[in-house]
Amino acid sequence: MPELDVHLFTCRSDNYGVLLHDRDTNKTLSIDAPEANAVRSALRDRGWSLDYILTTHHHTDHVEGNEPLKAETGCQIIGPSGEAERIPGIDTALDEGEVFEFGSRQVQVISTPGHTIAPSTYWLAQDNLLFAGDTLFSMGCGRLFEGTAEMMWNSLEKLMALPPDTQIYCGHEYTLSNGEFALSVEPGNAELVKRVEEVRALRRERKPTLPAGLGLELATNPFLRPMSPEIRRNLDMQDAENWEVFGAIRRLKDQS
Ligand SMILES: [Zn+2]
């Protein structure tokens, strides 16, 4: 595979933008467009011109830059078909299992309902990269604005089945507060304790905590761990289904 450059940058208050640049074809893609200015200056910093915006979901803090950037650059906007009518400027709507050709590589669409009704998570298998929008955060997951706990759990299970060395980029820097919450439901998880210490050190220096490796998420993210005996004991849900335990963890986090 020819090299892919990944440029992560902060925008708005706690959003992340990501630019991908395929060196072989000189094509550039923006994962979401949280705000036009931040994407513009990231492009300028790198000397890249925008060819595509790949939208994860319809929330304003992920699509606000779509129309101005499209007007300036003529870029194409690709997004999930189940939210197409709510994504400004969309040109191509893709469904679960469809593939977007980005330069010489393939981006696979995984439909992950829960945070909204039909968001897409994008997987670049050859590069071990996953762009999870607001579905999966490091040590957390998105709030259930439009879907149910069972829907979101089914979505997360699809992501959990990817190779453990997959590197995950998320829409926000929420890792530290997610980690503090995770410790409240699974304080005996030694890997979690260690991970939160590392995250505290990174955030003290204002460094990003992303990307996050899927293997570490499986070991530390309580939303991927409803099968954990410790979490089940703490919630008094020893015999419940995984999605029910997941839902209870989500409700606790909403109240925290
Ligand atoms: Zn969102």
Side-chain angles (χ1 to χ4, degrees), residues 8-19 29-39 42 52-69 77-90 93-96 107 109-123 129-159 168-179 181 208-212 217 221-224 246-247 249-256:
L8 177 75
F9 55 95
T10 53
C11 41
R12 305 181 77 98
S13 57
D14 52 27
N15 280 74
Y16 277 125
V18 181
L19 294 178
L29 181 160
S30 179
I31 301 288
D32 289 330
E35 62 174 342
N37 257 335
V39 176
Y52 308 104
I53 295 170
L54 208 50
T55 300
T56 60
H57 67 296
H58 71 82
H59 283 161
T60 306
D61 62 324
H62 293 258
V63 302
E64 198 177 79
N66 279 17
E67 282 177 331
L69 289 166
I77 300 177
I78 298 101
S81 55
E83 299 187 1
E85 69 287 353
R86 292 189 281 178
I87 294 171
I90 191 167
L94 296 179
D95 268 318
E96 165 88 9
V107 181
V109 176
I110 305 174
S111 182
T112 48
H115 175 63
T116 54
I117 202 62
S120 288
T121 293
Y122 298 107
W123 183 36
L129 295 175
L130 187 76
F131 297 93
D134 290 356
T135 293
L136 179 62
F137 295 123
S138 181
M139 294 191 278
C141 77
R143 281 176 185 261
L144 303 179
F145 286 120
E146 296 175 20
T148 65
E150 196 167 7
M151 284 164 74
M152 184 64 137
W153 173 246
N154 290 336
S155 297
L156 294 175
E157 278 196 305
K158 293 185 200 172
L159 306 183
I168 305 163
Y169 286 84
C170 326
H172 294 267
E173 179 61 64
Y174 290 158
T175 313
L176 183 54
S177 65
N178 287 338
F181 170 78
T209 61
L210 303 177
E217 287 304 310
N221 185 332
F223 296 97
L224 306 183
F246 165 80
I249 301 169
R250 186 61 263 176
R251 285 192 296 278
L252 268 180
K253 177 72 166 73
D254 291 344
Q255 293 153 14
S256 71

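When a ligand or atom number is given, it counts from 1 through the structure's own listing order.
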Angle in degrees, rounded to 10°, that ND1 of His59 and NE2 of His115 form at the Zn ion (ligand 1): 90°
Whether Phe246 and Phe223 hold their rings parallel, tilted or perpendicular, with breakpoints at 30° and 60°: perpendicular
N, O or S from His62 under 2.8 Å to the Zn ion (ligand 1): no
N, O or S from Asp61 under 2.8 Å to the Zn ion (ligand 1): no
Sidechain-backbone polar pair: Ser155 side chain, Pro113 backbone, donor-acceptor under 3.5 Å: yes
Check: Met139 main-chain N/O paired with Glu217 side-chain donor or acceptor under 3.5 Å: yes
The Zn ion (ligand 1) - name of the N/O/S atom of Asp134 that sits closest to it: OD2
Side-chain heavy atoms of Tyr122 within contact of Val109, under 4.5 Å: yes
